[in-house]
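In what follows, a single structure is set out as structure tokens and then discussed.
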Amino acid sequence: MPRMTSHATATLDVYFHVIYANETLQGGYVPDSQIEAQVKVLNKDYNITGISWNLLNISRVQSEDWFLRVAPDSPQEAGMKKVLRQGNSSTLNVYTVGLAEGAGQGLLGYATFPMDFAAQPLNDGVVLLYSTLPGSTSPTFNLGRTLTHESGHWSGLYHTFQGGCKGDGDSVDDTAPEESAAYGCPEKRHTCPGKTLDPIHNFMDYTDDSCMTGFTKGQGKRIKAQLRTYRNVDV
């Protein structure tokens, strides 16, 4: 594959799979309008990276078992993804569920990494709490930034607080080191030695949606390298 250029771009297809317990918003039956708004948020948030997203299809499956019990490494997750996953290594599959029980309880979402695809292609994708979509019911996570964050992992990014204050951290040179996750929007937070403040406005921290404002150029560079290496994206 050709070497990356700083101006290279790519458009990746997205499949949304809406898992619902019943046909109410509380039961996970999110409207198409929220999903379309979510993809608009992704495209705005990823503008600096050269990556854009194309919503290819929305599917809907009623399953109270999947809605409540899909969680990392659960049999429900495996069964759901085996039936529903579409596309190839460069296709983002997003599953909206309730994350209500077991290891999923309390999560906003979770994702697989690019380097995992070769060994577990059917497991690839992002599982997302349905109430984190734009305009949803979550009080502090309703601007769509949870999927921006989780698709960041899917594209090869680590948390800004990866490794704390020591070592390679998140493997990106232009994100400031951070000892631990930040919550809310703690302005002027400073947890590591040196003059730089914590990157609380970065999409790969844990702050509120309204606090998050962007990726760095270094993160954009890493995304391209990860997609090129592990997802066969010519970017």
Side-chain angles (χ1 to χ4, degrees), residues 14-22 24-30 34-35 38 42 59-86 89 91-133 136-164 170 178-184 202-209 212 226 230:
V14 182
Y15 284 84
F16 255 86
H17 309 284
V18 177
I19 311 302
Y20 61 97
N22 56 65
T24 67
L25 188 58
Q26 292 74 22
Y29 201 83
V30 294
Q34 286 190 356
I35 295 170
Q38 176 66 80
L42 281 184
S59 66
R60 296 177 182 275
V61 175
Q62 183 169 11
S63 172
E64 185 175 19
D65 185 34
W66 288 356
F67 179 75
L68 295 175
R69 300 179 184 93
V70 162
D73 301 319
S74 69
Q76 288 84 1
E77 179 196 35
M80 175 188 71
K81 289 181 174 180
K82 183 177 181 180
V83 171
L84 297 179
R85 194 188 185 282
Q86 300 291 317
S89 60
T91 308
L92 175 61
N93 283 255
V94 180
Y95 307 86
T96 61
V97 298
L99 292 173
E101 297 184 8
Q105 190 171 13
L107 296 179
L108 297 176
Y110 60 95
T112 59
F113 283 89
M115 65 284 290
D116 298 329
F117 181 83
Q120 294 182 294
L122 285 178
N123 192 47
D124 189 63
V126 170
V127 174
L128 191 69
L129 180 63
Y130 75 95
S131 60
T132 62
L133 298 176
S136 66
T137 56
S138 177
T140 54
F141 302 105
N142 60 1
L143 299 178
R145 294 285 159 59
T146 299
L147 184 55
T148 298
H149 177 104
E150 296 301 339
S151 60
H153 289 315
W154 183 87
S155 300
L157 296 182
Y158 295 118
H159 292 132
T160 51
F161 48 88
Q162 178 82 17
D170 63 354
E178 187 176 27
E179 184 179 35
S180 59
Y183 298 91
N202 194 280
F203 291 140
M204 299 312 294
D205 208 334
Y206 273 1
T207 48
D208 293 348
D209 278 15
M212 293 181 170
Q226 290 280 304
Y230 297 108

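For clarity, every value in this text was computed on a predicted model and none was experimentally measured.
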Considering only distance and modelled atom types, tabulate donor-acceptor pairs under 3.5 Å from the side chains of residues 97-111, sequence neighbours left out.
| from | atom 1 | to | atom 2 | distance (Å) |
| --- | --- | --- | --- | --- |
| E101 | OE1 | R69 | NE | 3.1 |
| Y110 | OH | A71 | O | 3.2 |
| Y110 | OH | E77 | OE2 | 3.1 |

### Task
Drop me the distance from Q76's CD to S63's OG, to the nearest 0.5 angstrom.
8.5 Å
### Query
What residues, two or more places apart in sequence or in another chain, satisfy salt bridge (Lys or Arg N to Asp or Glu O under 4.0 Å) together with E178?
R189
## Note on the structure
On a heavy-atom basis, the closest approach of Y158 and D170 is CD1-O, 3.8 Å
### Message
For G164, is there any backbone N or O sitting under 3.5 Å from a side-chain donor or acceptor partner on E179?
### Response
no
### Query
Would you call L84 and V61 a side-chain contact if the rule is heavy atoms closer than 4.5 Å?
yes
### Task
May I have all residue pairs that pass salt bridge (charged side-chain N to carboxylate O under 4.0 Å, His left out) and include part of residues 151-160, sequence neighbours excluded?
none
### Message
Nearest 0.5 angstrom please: D208 CG to N142 CG, how far?
### Response
9.5 Å
### Task
Please assess R85 against Y95 for the test side chain to side chain contact (heavy atoms under 4.5 Å, CB included), listing each intermediate value before the final yes or no.
CA-CA 9 Å; R85 194 188 185 282; Y95 307 86; 3.3 Å; yes
#### Entry: Backbone of R145 reached by a side-chain donor or acceptor of D209 within 3.5 Å
yes
#### Entry: Closest approach of N202 to M212 (non-hydrogen atoms, all atoms of both residues)
O-CG, 3.9 Å
#### Entry: Atom pair OG1 (T148) and CG (L42), whose distance is rounded to the nearest 0.5 Å
5.0 Å
#### Entry: side chain to side chain contact (heavy atoms under 4.5 Å, CB included) evaluation trace for Y230 with F113
CA-CA 9 Å; Y230 297 108; F113 283 89; over 6 Å; no
### Task
Compare every heavy atom of T91 with every heavy atom of W154, then report the nearest pair and how far apart it is.
CZ2-O, 3.5 Å
### Query
Are the side chain of K81 and the backbone of L122 linked by a donor-acceptor contact shorter than 3.5 Å?
no
### Exercise: identify the closest heavy-atom pair between F141 and S136
O-OG, 4.2 Å
### Message
Please check: side-chain N/O of H149 versus main-chain N/O of D205, any donor-acceptor pairing under 3.5 Å?
### Response
yes
### Message
Check the orientation of H17 and Y15. Use parallel for under 30°, tilted for 30 to 60°, and perpendicular for over 60°.
### Response
parallel
### Task
Please test L129 against T146 for side chain to side chain contact (heavy atoms under 4.5 Å, CB included), starting from the C-alpha separation and ending with a verdict.
CA-CA 9 Å; L129 180 63; T146 299; over 6 Å; no
### Query
If every non-hydrogen atom of P114 is compared with every non-hydrogen atom of H153, which pair is closest and at what distance?
CD-O, 3.5 Å
### Query
Is the NZ or CZ atom of R60 positioned over Y20's six-membered ring, under 6.0 angstrom from the centre and within 45° of the axis?
no
### Message
Applying side chain to side chain contact (heavy atoms under 4.5 Å, CB included) to D116 and N123, what does each step give before you reach the verdict?
### Response
CA-CA 9 Å; D116 298 329; N123 192 47; over 6 Å; no
### Query
Going by heavy atoms in the side chains, are F67 and I19 under 4.5 Å from each other?
yes
### Distance flag, aromatic centroids of F161 and Y206, threshold under 6.0 Å
yes
### Message
Closer than 3.5 angstrom, by distance alone: can the side chain of T112 be matched with the main-chain N or O of G125 as a donor-acceptor pair?
### Response
yes
### Summary
Rounded to the nearest 0.5 angstrom, the OG-CG distance for S74 and D65 is 8.5 Å
### Side chain S155, main chain S151, donor-acceptor under 3.5 Å
yes
#### Entry: Atom of D124, atom of S89 and distance for their closest heavy-atom approach
OD2-O, 4.5 Å
### Query
Are any side-chain N or O atoms of Q120 and backbone N or O atoms of A118, one a donor and one an acceptor, separated by less than 3.5 Å?
no
## Note on the structure
Result for side chain to side chain contact (heavy atoms under 4.5 Å, CB included) between F16 and one of V30, L92, I35 points to I35
#### Entry: Euclidean distance, Q26 CD relative to Y130 OH, rounded to 0.5 Å
6.0 Å
